[in-house]
Participant: 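Once you've had a glance at the structure underneath, I'll fire off some questions.
Quick note: numbers below take in every heavy atom, side chains included, and nothing from hydrogens, waters or symmetry partners.
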Amino acid sequence: MSGIKVRFAPSPTGELHIGGARTALFNYLYVRSVGGTFVLRIDDTDLERSRSDYIDKLIASMRWLGLNWDEGPYYQSKRLHKYNRAAEKLISEKKAYHCYCSIEDLATDRETARTENRTYLYPGTCRNLTLEEVNIFIKAGKKAVTRLLTPDQGVTVVKDEIRGAVSFENSGIDDFIIIKSNGLPTYNFASVVDDLQMEITDIIRAEEHLSNTPRQQLCALALGSRLPRFAHVPMILAPDRSKLSKRHGATAVEEFRTEGFLPEALINYMALLGWSPGGEEELFSLADLVSKFSLQKVNKTAAIYDTDKLAWMNSHYIREYNLDKLVEAARPFFEKKGLIDNELTVPECDYLKKVIATVRERAKTMLELADVSTYFYRDNYDYDEKGDKKHFTKEGAAELMRTMAEALRKLEPFDMETTEMKYHSLSENLEISAGSLIAPTRLAITGRTGGPGLFEIMALLGRERTVERLERAAAYVDHRLALF
RNA sequence: GGCCCCUUCGUCUAAUCGGUUAGGACACCAGCCUUUCAAGCUGACAACAGGGGUUCGAAUCCCCUAGGGGUCACCA
C-alpha cells in the first residue's frame with residue numbers, strides 16, 4: 001500500500017451517467033496505478049432527492065464496469081453525528097456561528113441583488129449576535145443554521161494537479177452554511193469532514209467542483225486538517241455542448257448496458273475522453289489503462305461524447321471477444337427477443353454459439369447481434385422489400401428456386417463445402433452466374449439481402465429448413481403472380 | 001451579471017526544450033477485396049478561434065478580444 005487513498009462519492013439522485021462513470025474510472029486507474037486504496041462513498045445527505053434504488057443501480061453499474069473498490073460503500077446519512085460534532089467544535093473555537101436569518105429574507109435579499117445586477121453575498125448579519133439576541137430568536141422558536149466564519153481578505157489558492165494554481169479572492173466567498181436548519185450538513189462540509197476522517201489523499205472529481213474547492217479548503221483549514229491533492233478532470237458534455245442530462249438520450253451506464261454495449265468498450269471509450277496515453281494506439285483493456293494512466297496526461301478541455309466512436313469500439317470488442325464470453329454476454333439479449341429460453345440444452349447452446357460466431361462480425365451492439373440472428377430461430381420473417389423487387393420478380397424466379405430446392409434435397413452430406421459445390425455446378429449447368437443463384441436463395445432463406453456467407457448459413461440452418469424456405473419463397477412468388 | 005476554467009479537423013485526440021508537409025482514431029466519401037452485407041486494406045476530405053506582441057522562427061510564451069463551459073442554494 002502506497003498510502004494513497006481516493007474516493008468516488010456520487011450522490012444517489014439519479015443513475016450513474018457517463019460523466020460520473022468516467023470520474024470513477026479515473027479514480028480507479030489512478031489508485032490502481034499507484035497501489036492505493038479506493039473508497040466508495042455515497043453522498044446521500046439530501047434526503048429528499050436520494051433514493052435507494054439509485055444506490056443499487058449505481059453499485060450494479062460500478063460492478064458491471066469492473067471498477068472494484070476496496071472500502072465502503074460508506075453512507076453519509078449514517079455518519080450525521082460526525083458532521084454535527086465537527087461543527088460544534090468549530091463553534092466552540094469561534095470558527096463558525098449560528099445564524100437565525102430566515103430563508104425568506106435571504107431569498108429576497110438575493111433577488112434584489114440580482115435585479116440590481118450585483119452579486120449577493122451573505123453579509124454576516126449573525127456573526128456577532130449577543131446572548132440576548134440569541135435568546136430572543138430561540139424564544140421565538142427560530143431554528144439556526146451554522147455558518148463558517150470565512151476571511152474577508154486575502155486569497156485562497158487551489159493547487160490543482162491538472163490546472164495548476166487557481167486563485168480565488170476570499171472577498172468573493174461569504175460565510176456559507178455548513179449545517180442546515182434541519183441539522184443535516186451541506187455538501188461542502190460533509191465532504192470535507194469525511195475526506196479528512198477517511199484520510200483521503202487525492203480528490204479526483206469533475207471540474208464542476210473547482211469553484212467549490214476554496215470553500216472546502218476553508219473548511220479543512222478550520223478543522224485543522226492538511227489539504228488533500230486535487231485534480232479536477234474535464235467535464236463530459238452532451239453533443240449540444242451542455243451539461244449531460246436525461247434529455248440527451250442514453251447517457252446512463254445502465255442504458256448502455258441494456259443497449260448491448262460491452263463493459264470493455266465503454267471503459268475503453270471513456271478512458272479516451274479527456275485522457276490519452278500519447279501513442280497512436282486506442283484499444284486498451286482496463287489492465288492496459290492502469291499501466292499507462294497518469295493524471296499529468298489528463299487534459300483540460302471538456303469533451304463532447306459521441307456515440308459513433310463508442311459503437312465502433314463496441315463492434316471491435318464484439319468481434320474480438322472470447323466466443324464463450326460473448327455468448328454469455330449475448331444470451332440475455334437473445335432471451336429478451338424471445339429467440340432462446342432461459343435454460344438451454346447442450347445442442348441448443350452449441351447452436352447458439354455457432355450462430356453468434358457467424359454473425360458477430362456484423363453487429364455493433366448485442367441488440368443488433370440478436371437482431372441479425374433472428375432467421376436462425378424464426379421462420380416468420382418478411383422479405384426485404386428492395387430484395388423482393390430485385391430477385392423475386394425476375395422471369396422464372398419461382399422455378400429457379402424449386403430447382404435449387406430439388407438439388408439440395410438429395411445432397412449428402414449437407415455442409416458448407418457440398419452446398420457450395422452444388423451451387424457452382426448448378427450455375428454451370430444452367431448457364432447462369434453463381435450470383436444470380438445465390439442472391440434469391442439468400443433472400444428466400446433469410447429474408448435479407450446481406451449477411452454471412454450463404455453456404456455458412458445453409459449449413460447452419462440444415463437441409464430441411466433450407467429446402468423448406470426455398471419452396472415457401474417459390475410459393476410466395478407464384479401466389480403474387482397469380483394476383484395480377 | 002461576478003468569479004473560475006477552457007479553446008488543434010464535424011467528434012475524440014497527438015505534437016519532449018518554441019523549428020513537423022500539424023500526426024492518429026471515429027464519422028463521411030472513393031477504390032480494392034468479396035456470392036451479398038460486414039470486416040479488412042488503400043486513398044481522399046478535414047483543424048491550430050481572431051488580433052496584437054516577444055523571437056531568426058510560435059499551435060506551443062505574453063497581452064487583448066471573441067466563443068464555450070462551470071459555479072455563485074438551508075442540491076450534491
Side-chain angles (χ1 to χ4, degrees), chain A residues 9-14 43-46 48-50 76 99 101 103 106-107 110 113-114 116-121 143-147 158 160 162-163 166-169 171-174 176-188 190-191 206-215 232 234-235 237 239 241-243 269 272-283 299-313 315-316 319 359-364 372 387 420 423-424 427 433-439 441-443 446 448-455:
Chain A
S11 68
T13 55
D43 283 6
D44 57 351
T45 55
D46 184 352
E48 313 249 302
R49 295 199 303 149
S50 293
Q76 287 193 325
C99 163
C101 294
I103 195 163
L106 293 176
R110 196 162 18 237
R114 212 177 59 84
E116 287 167 20
N117 236 337
R118 65 195 160 76
T119 28
Y120 173 80
L121 293 176
K143 287 249 172 88
V145 299
T146 307
R147 289 181 184 272
V158 175
D160 190 273
I162 295 168
R163 278 151 228 281
V166 183
S167 307
F168 296 85
E169 295 284 339
S171 59
I173 300 171
D174 62 5
F176 55 93
I177 295 171
I178 57 176
I179 303 285
K180 303 183 251 181
S181 59
N182 63 7
L184 295 176
T186 57
Y187 162 74
N188 280 324
S191 182
E207 196 201 331
E208 59 186 318
H209 292 289
L210 183 56
S211 317
N212 279 322
T213 308
R215 285 185 181 75
H232 288 92
M235 310 231 348
L237 269 23
R241 307 199 135 271
S242 69
K243 224 173 145 175
Y269 175 71
L272 264 21
L273 241 35
W275 173 82
S276 158
E280 302 206 327
E281 274 174 90
E282 295 205 292
L283 271 358
N299 58 226
K300 301 171 185 170
T301 332
I304 296 169
Y305 92 102
D306 146 52
T307 43
D308 276 345
K309 191 151 183 174
L310 208 209
W312 168 75
M313 277 189 177
S315 69
H316 165 83
R319 264 179 276 128
V359 301
R360 67 191 296 183
E361 203 164 276
R362 272 152 269 261
K364 284 195 162 65
V372 295
E420 180 160 13
Y423 263 59
H424 283 301
S427 132
S433 71
S436 40
L437 247 36
I438 285 167
T441 306
R442 173 185 298 285
L443 186 63
T446 71
R448 309 187 184 209
T449 54
L454 181 70
F455 307 109

Participant: Could you report the tightest heavy-atom contact between A/Asn188 and A/Arg215, atom names first, then the distance?
Facilitator: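 Heavy atoms only, the tightest pair is ND2-CD, 3.8 Å.
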Participant: Given that both distances must come in under 3.5 Å, which nucleotide forms a Watson-Crick or G-U wobble pair with B/A66?
Facilitator: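 When the pairing criteria are applied, B/U7 turns out to be the nucleotide that pairs with B/A66.
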Participant: Which part of the nucleic acid, if any, lies within contact of A/Pro214, taking any heavy atom under 4.0 Å across all strands shown: a base, the sugar-phosphate backbone alone, or nothing?
Facilitator: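 If one applies the 4.0 Å heavy-atom cut-off, A/Pro214 turns out to touch nothing in the nucleic acid.
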Participant: Could you give the distance separating B/U13 and B/U8 at their C1' atoms, to the nearest angstrom?
Facilitator: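 Approximately 9 Å lies between the C1' atom of B/U8 and that of B/U13.
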Participant: I'd like the C1' distance from B/C5 over to B/A44, given in whole Å.
Facilitator: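 It works out to 38 Å between them.
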Participant: Does any N or O donor sit under 3.5 Å from an N or O acceptor when you compare the side chain of A/Thr186 with the base of B/C74?
Facilitator: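 In this structure, the two groups form no donor-acceptor pair.
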Participant: Are any of A/Arg163's side-chain N or O atoms less than 4.0 Å away from OP1 or OP2 of B/C4?
Facilitator: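 Checking A/Arg163 against B/C4: no side-chain N or O falls below 4.0 Å of OP1 or OP2.
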Participant: Which whole number of Å gives the distance between the C1' atom of B/G19 and that of B/U7?
Facilitator: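 The same atom, C1', in both gives a distance of 24 Å.
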Participant: Using a cut-off of 4.0 Å on non-hydrogen atoms, how would the nucleic acid contact of A/Thr119 be classed: base, sugar-phosphate, or nothing?
Facilitator: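 Result for A/Thr119 = base.
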Participant: So, is A/Thr45 close to the B/A76 phosphate, meaning a side-chain N or O under 4.0 Å from OP1 or OP2?
Facilitator: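 Checking B/A76 against A/Thr45, a side-chain N or O does come within under 4.0 Å of OP1 or OP2.
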Participant: From the list B/C26, B/U35, B/U71, which nucleotide is the closest neighbour of the side chain of A/Trp312?
Facilitator: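 Comparing B/C26, B/U35, B/U71 against the side chain of A/Trp312, the answer is B/C26.
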Participant: Under the 3.5 angstrom rule, does the side chain of A/Arg442 hit a backbone N or O of A/Gly453 as a donor-acceptor pair?
Facilitator: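 Not at all, since once roles are kept as given, no pair shorter than 3.5 Å links the two residues.
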Participant: Any strand is fair game: report the nucleotide pairing with B/A58 by Watson-Crick or G-U wobble, both distances under 3.5 Å, or none.
Facilitator: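 The answer is none; no pair meets the criterion.
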Participant: Paired with B/U71 by Watson-Crick or G-U wobble geometry, both distances under 3.5 Å: which nucleotide is it?
Facilitator: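 Looking at the geometry, B/U71 pairs with B/G2.
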Participant: Considering Watson-Crick and G-U wobble pairs with both distances under 3.5 Å, what does B/A14 pair with?
Facilitator: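 Here B/A14 is not engaged in any pair, so there is no nucleotide opposite it.
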Participant: Within the structure shown, what part of the strands sits under 4.0 Å from A/Ser191 by heavy-atom distance: base, sugar-phosphate, or nothing?
Facilitator: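 The residue A/Ser191 makes no contact with any strand.
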Participant: Checking only heavy atoms, does the side chain of A/Asn188 share a donor-acceptor pair with the base of B/A76 at less than 3.5 Å?
Facilitator: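 For A/Asn188, whose side chain was compared with the base of B/A76, there is no donor-acceptor pair (under 3.5 Å).
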Participant: ring-ring contact (aromatic ring centres under 6.0 Å, His included) with A/Phe168: which residues, sequence neighbours excluded?
Facilitator: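 Applying ring-ring contact (aromatic ring centres under 6.0 Å, His included) to A/Phe168 gives none.
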Participant: Under 4.0 Å between a side-chain N/O of A/Lys180 and OP1 or OP2 of B/A73, yes or no?
Facilitator: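 Negative; the distance criterion is not met.
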Participant: For the P atoms, the ones on B/C62 and on B/U54, what distance do you get once it is rounded to whole angstrom?
Facilitator: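 After rounding to an integer number of Å, I get 16 Å for this pair.
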Participant: Checking all strands, does A/Cys99 fall into the base, sugar-phosphate, or nothing category for heavy-atom contacts under 4.0 angstrom?
Facilitator: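 Nothing: the residue A/Cys99, judged by heavy atoms under 4.0 Å, touches no strand.
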Participant: Would you mind pulling out the nucleotide paired to B/A39, Watson-Crick or G-U wobble, both distances under 3.5 Å?
Facilitator: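 Pairing partner: none.
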Participant: Distance check needed: B/G70 C1' versus A/Lys300 NZ, whole Å only.
Facilitator: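 Atom-to-atom, A/Lys300 to B/G70, this comes out as 16 Å.
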Participant: Which pair of heavy atoms, one from A/Ser315 and one from A/Trp312, lies closest together, and at what distance?
Facilitator: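 It is OG-O, 2.8 Å.
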Participant: In whole Å, what separates the P atom of B/G68 from that of B/A49?
Facilitator: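 16 Å, rounded to whole Å.
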Participant: In whole angstroms, how far is the P atom of B/A73 from the CD atom of A/Glu208?
Facilitator: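 In whole Å, B/A73 P lies 16 Å from A/Glu208 CD.
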Participant: Rounded to the nearest angstrom, tell me the gap between atom CZ in A/Arg319 and atom P in B/G40.
Facilitator: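 So the CZ-P distance, A/Arg319 to B/G40, works out to 5 Å.
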Participant: Determine the Euclidean distance between corresponding C1' atoms of B/C28 and B/C64; express it in Å to zero decimal places.
Facilitator: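 Comparing C1' positions in B/C64 and B/C28 gives a spacing of 38 Å.
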Participant: Classify A/His209 by what it touches in the nucleic acid, base, sugar-phosphate, or nothing, heavy-atom distance under 4.0 Å.
Facilitator: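 Contact class for A/His209: base.
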Participant: Tell me what A/Arg49 touches on the nucleic acid: a base, only sugar-phosphate, or nothing, going by heavy atoms under 4.0 Å.
Facilitator: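 The residue A/Arg49 makes base contact.
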Participant: Which word best sums up how the rings of A/His424 and A/Phe455 line up, parallel for under 30°, tilted for 30 to 60°, or perpendicular for over 60°?
Facilitator: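 Tilted.
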Participant: Calculate the interatomic distance between A/Glu420 atom CD and B/U36 atom P; express it in whole Å.
Facilitator: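 Computing the A/Glu420:CD to B/U36:P distance gives 12 Å.
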Participant: Please tell me which of the listed nucleotides, B/G23, B/C75, B/C5, lies nearest to the side chain of A/Val166?
Facilitator: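 Output: B/C5.
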Participant: With side chains defined as the heavy atoms from C-beta onward, is the minimum distance between A/Ser11 and A/Asp46 less than 4.5 Å?
Facilitator: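 Sidechains of A/Asp46 and A/Ser11: no contact.
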Participant: Should the heavy atoms of other residues, nucleotides or ligands under 6.0 Å from CD of A/Glu208 be counted, would the total exceed 12?
Facilitator: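 Correct, the count exceeds 12.
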Participant: Ignoring the backbone of A/Phe455, work out which of B/A27, B/U35, B/U71 is nearest its side chain.
Facilitator: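 Per side-chain heavy atoms of A/Phe455, the pick is B/U35.
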Participant: Given side chains that start at C-beta, do those of A/His232 and A/Val166 come closer than 4.5 Å, heavy atoms only?
Facilitator: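 The answer is no; the side chains never approach within 4.5 Å.
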Participant: Rounding to the closest angstrom, what is the interatomic distance between B/G69 and B/C74 at atom P?
Facilitator: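 Rounded to whole Å, the distance is 25 Å.
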Participant: Are any side-chain N or O atoms of A/Thr213 and backbone N or O atoms of A/His209, one a donor and one an acceptor, separated by less than 3.5 Å?
Facilitator: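 Yes, A/Thr213 side chain to A/His209 backbone: donor-acceptor pair under 3.5 Å.
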Participant: Identify the pairs formed between an N or O of the protein and an N or O of nucleotides 13-17 of chain B at a distance under 3.5 Å, and give each distance.
Facilitator:
{"unit_1": "B/U13", "atom_1": "OP1", "unit_2": "A/Gly274", "atom_2": "N", "d": "2.4"}

Participant: Can you check whether A/Lys364 has a side-chain N or O nearer than 4.0 Å to OP1 or OP2 of B/A38?
Facilitator: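 A/Lys364 to B/A38 OP1/OP2: no side-chain N or O under 4.0 Å.
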Participant: Step through the shown structure and confirm whether more than 12 heavy atoms of other residues, nucleotides or ligands are within 6.0 Å of CZ on A/Arg114.
Facilitator: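 No, CZ of A/Arg114 has 12 or fewer neighbouring heavy atoms, counting only those of other groups under 6.0 Å.
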Participant: Output the rounded distance in Å from CG (A/Asn182) to P (B/C75).
Facilitator: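 One finds 7 Å between P of B/C75 and CG of A/Asn182, rounded.
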Participant: Between B/G69, B/C75, B/U11, spot the one nearest the side chain of A/Asp306, thanks.
Facilitator: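 Nucleotide nearest to A/Asp306's side chain: B/U11.
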Participant: Between A/Tyr269 and A/His316, does a ring-ring contact (aromatic ring centres under 6.0 Å, His included) hold up when you go through it step by step?
Facilitator: CA-CA 12 Å; A/Tyr269 175 71; A/His316 165 83; over 10 Å; no
Participant: Are the side chains of A/Pro234 and A/Thr301 in touch, meaning some heavy atoms are under 4.5 Å apart?
Facilitator: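 In short, these two side chains do not touch, never coming nearer than 4.5 Å.
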Participant: Quick check against the 3.5 Å criterion: does A/Thr186 have a side-chain atom that pairs as donor or acceptor with the backbone of A/Ile177?
Facilitator: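 Side chain of A/Thr186 to backbone of A/Ile177, a donor-acceptor pair under 3.5 Å: yes, one is there.
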Participant: Provide, to the nearest angstrom, the distance between the CE atom belonging to A/Met313 and the P atom belonging to B/A39.
Facilitator: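 A/Met313 atom CE is separated from B/A39 atom P by 16 Å.
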Participant: Whole angstroms only, please: what is the CD-P distance between A/Glu48 and B/A73?
Facilitator: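 Distance check: A/Glu48 CD to B/A73 P gives 19 Å.
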Participant: So which one's nearest nucleotide on RNA chain B is more toward 5', A/Ala439 or A/Ala363?
Facilitator: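 Mapping each residue to its closest nucleotide by heavy atoms, the 5'-most match is A/Ala439.
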Participant: For B/C45, what is the paired nucleotide under Watson-Crick or G-U wobble rules, both distances under 3.5 Å?
Facilitator: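 Base partner found: none.
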Participant: For B/A73 and A/Arg110 - does any side-chain N or O of the residue sit under 4.0 Å from the phosphate oxygens OP1/OP2?
Facilitator: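 Looking at the OP1 and OP2 atoms of B/A73, one of them is under 4.0 Å from a side-chain N or O of A/Arg110.
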Participant: Of the nucleotides B/C4, B/A25, B/C75, which has the atom closest to the A/Leu210 side chain?
Facilitator: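 For A/Leu210, the side-chain atoms sit closest to B/C4.
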Participant: Out of B/G23, B/C4, B/A76, which nucleotide sits closest to the side chain of A/Glu280?
Facilitator: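 Nucleotide nearest to A/Glu280's side chain: B/G23.
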Participant: Are any protein N/O atoms closer than 3.5 Å to N/O atoms in nucleotides 59-64 of chain B? If there are, list each pair with its distance.
Facilitator:
none

Participant: On a whole-Å scale, what distance lies between the C1' atoms belonging to B/G18 and B/U65?
Facilitator: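 Going atom to atom, C1' in each nucleotide, I get 24 Å.
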Participant: Atom CD1 of A/Ile179 and atom P of B/A73: how far apart are they, to the nearest Å?
Facilitator: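 Whole-Å distance recorded here is 18 Å.
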Participant: Checking side chain to side chain contact (heavy atoms under 4.5 Å, CB included) against A/Tyr305, which of A/Leu237, A/Leu310, A/Leu273 comes through?
Facilitator: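 Of A/Leu237, A/Leu310, A/Leu273, side chain to side chain contact (heavy atoms under 4.5 Å, CB included) with A/Tyr305 is met by A/Leu273 alone.
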Participant: From the set B/U36, B/U71, B/C26, return the single nucleotide nearest to any side-chain atom of A/Arg442.
Facilitator: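 So the side chain of A/Arg442 is nearest to B/U36.
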